[in-house]
Structure formats: structure tokens, C-alpha cells
There are 2 protein chains.
Amino acid sequence: MAVTMNDVARAAGVSLKTVSNVINDYEFIRPATKQRVLDAIEELGYETNLTARSLRSGKTSMLGLVLADLSVPYYAELASDIMKAAWARGYRVLVEQSGNEADHEKSALQGQFRSLTDGLLFIPLSLDAEQIIRAAGKKPLVLLGEFVQDPRLDMVLIQNHEASAAVTAHLLAGGRRRIAVLGAHDGDTTGSNGLRLNGYKAALAAAGVEYDPALVIGCEWRRDGGADAIARLLDSGVAFDAVFGLNDVVALGALHELLVRGKRVPDEIAVAGFDDIDEARFASPSLTTVEPGRAEIAERAVELLINRIEGKGSADKVEQPEAEFSLRVRQSAP
Amino acid sequence: MAVTMNDVARAAGVSLKTVSNVINDYEFIRPATKQRVLDAIEELGYETNLTARSLRSGKTSMLGLVLADLSVPYYAELASDIMKAAWARGYRVLVEQSGNEADHEKSALQGQFRSLTDGLLFIPLSLDAEQIIRAAGKKPLVLLGEFVQDPRLDMVLIQNHEASAAVTAHLLAGGRRRIAVLGAHDGDTTGSNGLRLNGYKAALAAAGVEYDPALVIGCEWRRDGGADAIARLLDSGVAFDAVFGLNDVVALGALHELLVRGKRVPDEIAVAGFDDIDEARFASPSLTTVEPGRAEIAERAVELLINRIEGKGSADKVEQPEAEFSLRVRQSAP
DNA sequence: CACGTGATCTGCAACGATGTATCCCAGCAG
DNA sequence: CTGCTGGGATACATCGTTGCAGATCACGTG
């Protein structure tokens, strides 16, 4: 059916291997021969069969990307950046949605999925470092999203603590003293939630403001999670003058609910988030948030993973580069 | 390196082909043999090499999905649904971002990308039907997103005209008479923009309201496009009491700009969109919009494509199922 | 003029699985 | 006892490409 190298070889009057050499830019080919082969390729409409190439070469030139769900804006935007970075380096990205389920994450790490990819970018949500190390095979693996932190694993880090502290400090500088936190529980110390909560605490301490666990409300990192959380807080009667959603959709969900309930933002209550998704800029009022360095994260992660795949760089040293964040001050918390 | 069927065969004391038979659930295998093979697989940690299987069988069990950019919420949500639908049927999805460039779309249609997939889901934006037919190979192809319409191509349709008319009718029913349209030009008749514009016109006509081209503002289908467009309209001094953004992000961008400029929504100006992205529900005010049947679109498209791939269904008849839409009335246009 | 050298091209095996044809054997009818 | 049947397992070729090891040939050198 499909045109193969053999057909091209016959048409060009050369050996199959010469066609292969032309395609792979082998150095020593007479220009005339090369041209004949290229003409034959053109004429027959030959396309290299990537499956066969993969089988023979042992490389698929595909990176796996495991994340919870593309419908989450931050992941979608990150995935888009990752795909572009990979594309620029000659790799494609195969996305696997884990739905935030441990089984699914595990099977993505070990399963057949791996045989389709040369390496994996993984945003773990349910598995811890130990489970990841146990489940992961020998193929290169780079973690993103820092829910997991471990000195044995390559990963690109977000400055959760510092960025969170910066947001909090900004709210404090605006005169807020009772800052509610949505998306973490009082005891959390690990994962994005824990790290961001700790950054919040550190900023409070630095400003001499007392930490009140009653202001810390756990919720799913979704819009409705944020809306529910703020509703519970309002209903509880606890006083607060600012809200820090540990990611943007939580903050936006809370913002929505606050406005529904007739609160004035930012006059009565300031709102801030974390991620700087595109939507944050166009919310009403626009959302103050922190940009975690998404483009840099994508770039570094892809670069690191491909270096591992291609054996460049120091093979044995675990790498954990950190992305630069920046505060985005907007209307919701000027 | 990796464990192959051969290793398993040796360990289980059977032939390579028997291992293959066990894995592919061949009927006539003695339970004892099967068990021995399964044990060996377990013990050695064997994983089938999907690349090799693909080469031999000629199927990759992957669907290609070509869209402009995952950072666009509607595409991200659609992609998520498509991936789930495909997964449920034993297929994976390989996403290719065209960036809305014709060259890129074309290369996705013909290029090596195709050899990795059994069929393609394509959301065309730059290519027209003729170009698509010319560029596409013989592999199954299903179009989505109806910028292109052609009786020769399989596609899943959105009821652009009807849904758009429904939104417009809703605004009219709310007493609005000067409804601005963002995201189309006066002359447009094809593509989502043209079809939706026509739906708008039809609803006006049905209500006996005159069509005013000055209310139709072209813009990119992005947040900033919507914001710019409404800014231009406001600056032009043309009077209007409602805005229909031809998709949600345009509407949300416009909504943002209206609020920035101190307009009251919906009291002074009502706003409606098209797509019902998750964000619409949590905007402030929440956005009235139309749900085009996204889940159904994903489901039908995947089903249709896989039927084509597997040769089920009527081979020769072009299929163009239409998804059911539904109006979502919210605060921005009650 | 024989010979080394490097440019140019070729043949064969192999990647890891599956399709096809075949073989072996137990059970059973004639 | 022979021949047939069909379950259960196997051997071999094959998918389309690339790695490796050569083969060939022109050319300059001593």
C-alpha cells in the first residue's frame, strides 16, 4: 500500500540503504545521486514510516506528559508550552490524563505508555516520591509541579514558598491583616499546598501578624472548590479582609462567590491567586496573582528531559532547576 | 535491554508465538500453558512493545488531533473529552498544535504525523475544504468545529445557525434591540463566524428588528480580541444595549472591558457568548452562553473516526451528525 | 605501477511483534 | 486398525527501517 524506501530505491535506481542515507543526511553521497533519490521521493510521495524507524532505532522521539486533566487551564497552558518546546527540538508530546487517580498515575509510569515514549514529564498529584521511584522504570523522568519533592528525582521547581510569601506580603502591604487561605489544610507542610501555606505563614511572621488556623480552608483546586470554600468561610462568621486562593481557579471561584454575595472586591475584601492563567488578566476585577514562570518551567523541563534521553549533561547528578516567579498586581488586590 | 517475548517464551518453555497468542487472547490454549506464560510475564516484568506491534499490524491505536492551540479553553476542554472518549475505546490521542497556520495544518494532514496515527480529528481554521481534500491522504479523517463545511467530508456539526439564533432571540426577549456582534465581519457567510452571524440575522429578522452592520465588529477569537473590539465600538459612539460574543473568550474579554469602563452588566448592557467553557459559569457576572454539545461532539467524532478506521458502518456514505445545543442563561443576560 | 586513502554505495541482519501455514496428537467413527 | 477431526502448539516469513561491515572505484603518492 504505502510507498516504502524500497519503492523509492527502485525508482531512483539505487539501493535501499542509499535512500536511507539520503534521508538521514549521510555525508558522503554524490549530489547527483542525492538529487535522483529526492526526486523519486517527491514523485512517489514517499513518507518515512516512523513506526519502523522507532522499532529499529529504539527511539520514538515522543515525550510523555502525564497530568490530571487538560480542562484545567493551568495544565492546558503548560501543556501547550511544553508541546511547543518539544516540537522545537524535534520531539512530539503524547499526553496522558491521569484524572488525579493514583492507579492511573502508576499505570502511566510503568505501563505500555512508556514504550511509546523516550521519556516522561510527570505532574504527580496522588503518588508520593517513594511510589514514583518504585513504579518508574529506567527511562528518563522529569517531574513538574512540585507536589512531590525528593533529592533523588529530576524535577523543575516552582518557588512555591517564596512566591506565596510574596503574594501574602503584597496583601499585607495593602493593609490587610486577616487573610484567608483557600486550598490547604492547617497542618499541610508538603506538596504545593503545604509549601504555599508555609510561604504564607512566613510572610505573616515577617510582618508580625498572627497566624489564625480558622482562616485556612481546604478545598479542591477547582472553581467550585474555591466558591464552596469561601461560602463556608462567610457562613462561619469568621472575619477576613483578604483571600489568597492557592491557585487561580480557586481564587476566581471565590471571587465569583464573593461578588454574588454582594461583597465589594477589592474595597471590602482583596483577592489574590497563584498561576497567572490567561483568564486572570480578564477577570472582573482582574486578578492579582503570581506568575510561576510557566514558560521557563516548560522550557527547562523539556530541555532537561531531552538531555537525559540523549545522554547529554552530567548523567549522575540529579538536577532541580528553579523557575523565576513574578508578582502580577491587578485590580483584585492593588 | 528490555524483556521481549522471546525471553518470556524461553522462561515459560514455550514458543514465542504461544506467548503472542496468550497476550492476544487466542482461544485455544490449555489453561496450564496460559498460566505458565502469564507467570513468566509477571516474573520478568514483560511489557509489549507497542512500536513493534504497530509495525507488524499496521495499526498504531492512536488518533491524531489537530487544533490551533491547547491554551484556548474551548479546545482544551474538547481535547480532554476527546481523549477520554478515545481512551474508553482503547485508543490514545496525539495532539498537534497548528497555531492556526495553514502550512502547519497542511503538514499535519499529510506529513509524518499521519504515519503515527490510524486516523485524524481535525479542527481546520486556515484550510478550506478543497485544500483539505487535496492534502489529506487515504487515512480516515473527521472534521470538527465546522469552520469548513463540505458534503464530501465526514464531520461532526455544531448547530451554529440555530444556537446563535437562540442566543440572539434570548437577548431580544429580554428587550434588547441594539445587539452588537463581536468576532465576525459584516460580509461573512461561511465558517463559524459566518454561520453564527447568519443565525443572529435570522433571529433579528424573525423579531422584526433591523440589522445594522455598524454593530458587527470583527476581531480575533481571543480575550484581548473581544476587549479591543468592544473598546472600538464604545469609542465609535454607536449605541448598543447588548453584546453577543461569537465565542466565550471574546464575550469575556468584552465583559471585562465593559466593566473597566464602568458599564453596568446586565443593567445597561447584556452580554452573551458561545461555547459554555467552564469559566463562563464563574465569571462575574456569570456569562449567558450556549453549550454546543461539547461532550456529544467529542463522543460522536471519536466514534465516527474509529468506525472508519475499523471499517464498521457504511463505508461510502459521508456522515455528518449534528450535536444538540442548549442555552445557558446566567446573570450577564438574564 | 602497486598501493594506501577516502569517497561513495551496497548487502545483510536485526529491531520485536504478528499472520499464515503447518505439525502433532488425542479421540473417535468406520 | 486406519483415517479423520480439530484442539493446541510451533516455525518461518514479514512489517519498513537503520547499524554494521564491506565492496567498489577514482586518485594521488612514492
Side-chain angles (χ1 to χ4, degrees), chain A residues 1-38 40-41 44-62 90 111-112 114-118 137 139 310, chain B residues 1-38 40-41 44-62 90 111-118 137 139:
Chain A
M1 355 264 198
V3 183
T4 76
M5 273 193 180
N6 228 323
D7 303 326
V8 175
R10 214 178 348 254
V14 296
S15 78
L16 188 163
K17 185 67 228 230
T18 297
V19 177
S20 169
N21 285 336
V22 168
I23 286 172
N24 293 288
D25 278 324
Y26 179 64
E27 195 179 356
F28 303 116
I29 303 180
R30 228 175 321 181
T33 313
K34 183 167 184 171
Q35 196 51 53
R36 233 170 342 127
V37 171
L38 291 176
I41 287 176
L44 299 179
Y46 168 78
E47 297 281 347
T48 56
N49 180 320
L50 296 181
T51 303
R53 171 180 290 177
S54 290
L55 175 59
R56 180 62 243 232
S57 67
K59 317 207 103 195
T60 62
S61 294
M62 289 209 278
Q112 310 192 311
R114 302 232 50 182
S115 79
L116 288 171
T117 62
D118 293 338
K139 280 203 193 164
E310 299 181 349
Chain B
M1 356 261 201
V3 183
T4 76
M5 273 194 178
N6 227 322
D7 302 327
V8 175
R10 217 182 340 262
V14 298
S15 79
L16 189 162
K17 186 68 227 249
T18 298
V19 178
S20 170
N21 285 337
V22 168
I23 286 173
N24 293 289
D25 280 323
Y26 180 64
E27 194 179 356
F28 303 116
I29 304 181
R30 229 173 321 183
T33 313
K34 184 168 184 171
Q35 195 53 53
R36 238 173 335 132
V37 171
L38 291 176
I41 287 175
L44 298 179
Y46 168 79
E47 298 279 350
T48 54
N49 181 320
L50 296 181
T51 302
R53 171 181 294 181
S54 291
L55 175 59
R56 182 62 243 233
S57 67
K59 318 207 100 196
T60 62
S61 292
M62 290 209 276
Q112 310 192 311
F113 184 57
R114 302 230 54 180
S115 79
L116 288 171
T117 61
D118 294 339
K139 281 202 192 166

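Each chain gets a letter, A, B and so on, in the order the sequences are listed, and its residues count up from 1.
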Asker: Please give me the minimum heavy-atom distance between A/Ser61 and A/Gly90, naming the atom from each residue.
Answerer: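 Residues A/Ser61 and A/Gly90, closest heavy atoms: CB-O, 4.0 Å.
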Asker: Please tell me if A/Tyr26 has a side-chain N or O lying less than 4.0 Å from either OP1 or OP2 of C/dT10.
Answerer: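 Answer no for this pair, as no side-chain N or O of A/Tyr26 is under 4.0 Å from OP1 or OP2.
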Asker: Starting from P on D/dA9, measure out to NZ on B/Lys34 and report it in whole angstrom.
Answerer: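 Spelled out: NZ on B/Lys34 to P on D/dA9 is 11 Å.
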Asker: Could you check whether any side-chain heavy atom of A/Thr51 comes within less than 4.5 Å of a side-chain heavy atom of B/Lys59, counting everything from C-beta outward?
Answerer: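 No - every pair of side-chain heavy atoms lies 4.5 Å or more apart.
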Asker: Can you identify which nucleotide, out of C/dA7, D/dA9, D/dT10, has its nearest atom closest to the B/Thr33 side chain?
Answerer: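 Nearest to the side-chain atoms of B/Thr33, counting from C-beta on, is D/dA9.
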Asker: Without decimals, in angstroms, what is the distance between A/Arg10 CZ and D/dG16 P?
Answerer: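 Value for this atom pair: 12 Å.
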Asker: Give the rounded distance in Å between these two atoms: CZ of B/Arg36 and P of D/dG8.
Answerer: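 From B/Arg36 CZ to D/dG8 P: 14 Å.
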Asker: For nucleotides 18-22 of chain C, list the nitrogen or oxygen atoms of the protein found under 3.5 Å from its nitrogen or oxygen atoms, one pair per line.
Answerer:
unit_1, atom_1, unit_2, atom_2, d
C/dT18, OP1, B/Asn24, OD1, 3.4
C/dT18, OP1, B/Asn24, ND2, 3.2
C/dT18, OP1, B/Arg53, NE, 3.1
C/dT18, OP1, B/Arg53, NH2, 3.4
C/dT18, OP2, B/Ser20, OG, 2.8
C/dT18, OP2, B/Asn24, ND2, 3.3
C/dT18, O2, B/Arg56, NH1, 2.8
C/dG19, N7, B/Lys17, NZ, 2.8

Asker: Once you round it to whole Å, what is the distance between P of C/dC24 and CZ of B/Arg30?
Answerer: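 Whole-Å distance recorded here is 16 Å.
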Asker: What does the list of N/O pairs under 3.5 Å between the protein and nucleotides 25-27 of chain D look like, with a distance for each?
Answerer:
none

Asker: Mind checking the OG-CG spacing from B/Ser54 to A/Asn49? Nearest 0.5 Å is all I need.
Answerer: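 Separation between the atoms: 9.5 Å.
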Asker: More than 12 foreign heavy atoms under 6.0 Å from NZ of B/Lys139: is that the case here?
Answerer: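 Atom NZ in B/Lys139 is crowded, with more than 12 foreign heavy atoms closer than 6.0 Å.
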Asker: Tell me: CG of B/Leu116 to C1' of D/dG16, nearest whole Å?
Answerer: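 After rounding, the gap between these two atoms is 14 Å.
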Asker: Under a 4.5 Å cut-off applied to non-hydrogen side-chain atoms, are B/Ile23 and B/Arg53 in contact?
Answerer: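 Yes, side chains in contact.
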Asker: Within this structure, what is the NZ-to-P distance between A/Lys59 and C/dA14, rounded to whole angstrom?
Answerer: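 That distance rounds to 23 Å.
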Asker: Test: side-chain hydrogen bond (donor to acceptor under 3.5 Å, both in side chains). Region: residues 4-20 of chain B. Which pairs qualify, not counting sequence neighbours?
Answerer: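 Sorted pair list: B/Asp7-B/Arg10, B/Ser15-B/Thr18, B/Ser20-B/Asn24.
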Asker: CG/A/Leu55 to OG1/A/Thr60 distance, rounded to the nearest 0.5 angstrom?
Answerer: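 These two atoms lie 12.0 Å from each other.
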Asker: Would you mind telling me which residue lines up with the more 5' stretch of DNA chain D, B/Pro31 or A/Asn49, judged by nearest nucleotide?
Answerer: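 Upstream on the strand: B/Pro31.
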Asker: Using atom CD of A/Glu27 as one end and atom C1' of C/dG6 as the other, report the distance to the nearest whole Å.
Answerer: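 For the pair A/Glu27 CD and C/dG6 C1', the rounded distance is 11 Å.
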Asker: Identify the heavy atoms of A/Val3 and A/Tyr46 that sit nearest to each other, and give their distance.
Answerer: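 Nearest pair, atom of A/Val3 first, then A/Tyr46: O-CD1, 3.3 Å.
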Asker: So, taking the atom named CZ in B/Phe113 and the one named CD in A/Glu47, what distance separates them when rounded to the nearest 0.5 Å?
Answerer: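 Between B/Phe113 CZ and A/Glu47 CD, I get 13.0 Å after rounding to 0.5 Å.
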Asker: Give the nucleotide from the list D/dA9, D/dT17, C/dG16 with an atom nearest to the side chain of A/Leu55.
Answerer: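 Shortest atom-to-atom distance from the side chain points to C/dG16.
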Asker: Apply the test side chain to side chain contact (heavy atoms under 4.5 Å, CB included) to residues B/Asp25 and B/Lys34: give CA-CA distance (whole Å), side-chain angles for both, the deciding distance (0.1 Å), then the verdict.
Answerer: CA-CA 10 Å; B/Asp25 280 323; B/Lys34 184 168 184 171; 4.0 Å; yes
Asker: From C-beta outward on A/Tyr46, which listed nucleotide comes closest to its side chain: D/dA9, D/dT17, C/dT8?
Answerer: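 The nucleotide sitting nearest to the side chain is D/dT17.
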Asker: Between A/Thr18 and C/dT10, is there a side-chain N or O to OP1/OP2 distance below 4.0 Å?
Answerer: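 Answer is yes, contact under 4.0 Å.
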Asker: Would you indicate, yes or no, if D/dG16 has its OP1 or OP2 atom less than 4.0 angstrom from a side-chain nitrogen or oxygen of A/Thr4?
Answerer: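 No, because none of the side-chain N or O atoms of A/Thr4 sits under 4.0 Å from OP1 or OP2 of D/dG16.
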Asker: Find the distance B/Asn6:CG to C/dA14:C1' and express it as a whole number of Å.
Answerer: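 So the two atoms are 13 Å apart, to the nearest Å.
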